[in-house]
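Every heavy atom of this structure was used, including side-chain atoms; hydrogens, water molecules and symmetry mates were not. Chain letters run A, B, ... following the sequence lines, proteins first and then strands; every chain starts at 1.
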Amino acid sequence: MPELPEVETVRMGLEALLPGRVFKHVAHNNEKSFPNAETDVAAFLIGATVERVKRRAKVLLVELSSAYSLVIHLKMTGQLVFVSPEARFGAGHPNDSLVGELPDRSTRVTFTFADDSRLFFNDQRKFGWVRLIPTTEVPNIDFMRKVGPEPLDPTFTAEDFFERLQRRKNTSIKAALLDQSVIAGVGNIYADESLWGAKIHPATVVHTVSKQKIRTLFDELQYVLKLAIEKGGSSDKNYVNAEGKKGSYLSFARVFRREGLACPRCNTTIEKLRVAGRGTHICPHCQKLR
DNA sequence: CACTTGACCTGTCCGC
DNA sequence: TGCGGACAGGTCAAGT
């Protein structure tokens, strides 16, 4: 599920809720969801205070007073939902939430704070993970060493984007966009949405796309990512923010999950195909191959 | 090295 | 209604 806008939405929610809280207890029921937890939890998590919550690519970084960080990847179906002691349910109106009473059967890790508020890491498919790592070591983990620039970093330019895409010059533009070492944070939804915006067919080979087209793609990518953050991300089956609420971007989507509906630009029927091994949505009139 | 495919898991939906 | 297969927002490892 979560791509950059969803993870950023969770980050903002947690940044408003967690700093100052002290960890009292942690329980997990799946070794892969929190590997090697026992060794360091007692020493560096219990009793530690949350200082701030950061994000890099699709990874959340919860920095602690112990000089350790909780590093969290939600992968496809991960959720981080905060519940205050007085709330019996994930906060929010029932119609706005995908979360019932917690913990539930997808809860993998439960963090309890000194004030009895709790943070639940739910993950239906068990692909996501939480790790406890010294904060100074975070930049050295494999993922961080290879991940590309943040697409919304003001110092990142269309020229940089063009150059980095050439690392994957013989693959499809969609595969290159999804490659986290080229650019951070883009996943299936925003790849399709930005390619539609730039009128590029997702299967187009990277080195055949003009620099001008890549500039347009750069602008469209920034546009959809910013809009999605504004809308609280995209929710289909699983994604919710730190308060258990859904995001609304999908009601603004132009092609993603809109096969059979009209292209908002030219009215042609949107099609679904498979590119880079992923379900891919295009307007066959606006996005022609070659 | 560059590129593609399958694996990791659980749940849901669709066609027979 | 039941059952098998395909598919789902992301990365890895292993294959060519």
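- Within a 6.0 Å sphere centred on NZ of A:Lys213, other residues, nucleotides and ligands contribute more than 12 heavy atoms.
- If you check C:dG9, B:dC3, C:dC7 against the side chain of A:Thr171, the one that comes closest is B:dC3.
- Here the nucleotide nearest the side chain of A:Phe143, chosen from C:dG9, C:dC12, B:dC3, is C:dC12.
- Side-chain nitrogen and oxygen atoms of A:Arg278 include none within less than 4.0 Å of the OP1 or OP2 phosphate oxygen of B:dG6.
- Two rings, from A:Phe218 and A:Phe156, have their centers less than 6.0 Å apart.
- Taking only side-chain nitrogens and oxygens, A:His73 comes nearer than 4.0 Å to OP1 or OP2 of C:dT11.
- Of the side-chain N and O atoms in A:Lys146, one or more sit less than 4.0 angstrom from OP1 or OP2 of C:dC12.
- Secondary-structure stems of DNA chain B, taken as three or more successive Watson-Crick or G-U wobble pairs (i with j, i+1 with j-1) under a 3.5 Å distance threshold, comprise B:2-8 with C:10-16, B:10-16 with C:2-8.
- Distances from the side chain of A:Lys32 to the nucleotides B:dC8, C:dT11, C:dG9 place B:dC8 closest.
- Across all non-hydrogen atoms, the minimal contact from A:Arg168 to A:Ala175 is NH1-O, 4.4 Å.
- Residue A:Asn188 is in sugar-phosphate contact alone, with no base atom involved, counting any heavy-atom pair closer than 4.0 Å across all strands shown.
- In this structure, A:Glu271 contributes its side chain and A:Pro284 its backbone to no donor-acceptor pair below 3.5 Å.
- In the region residues 122-142 of chain A, proximity to DNA chain B at under 4.0 angstrom, judged on heavy atoms, holds for A:Gln124, A:Arg125, A:Lys126, A:Phe127.
- Nucleotides B:dG6 and C:dA6 have their P atoms positioned 12 Å apart, rounded to a whole Å.
- Residue A:Gly187 is in sugar-phosphate contact alone, with no base atom involved, counting any heavy-atom pair closer than 4.0 Å across all strands shown.
- Each of A:Lys54, A:Lys231, A:Arg55 was compared with A:Glu8 under the salt bridge (charged side-chain N to carboxylate O under 4.0 Å, His left out) criterion, and only A:Arg55 meets it.
- Taking for each of A:Asn170 and A:Arg108 the nucleotide of DNA chain B with the nearest heavy atom, the 5'-most of the two is the partner of A:Asn170.
- When each of A:Val62, A:Val22, A:Leu17, A:Leu14 is paired with A:Val50, the side-chain contact (heavy atoms from CB on, under 4.5 Å) condition holds for A:Val62 and for no other.
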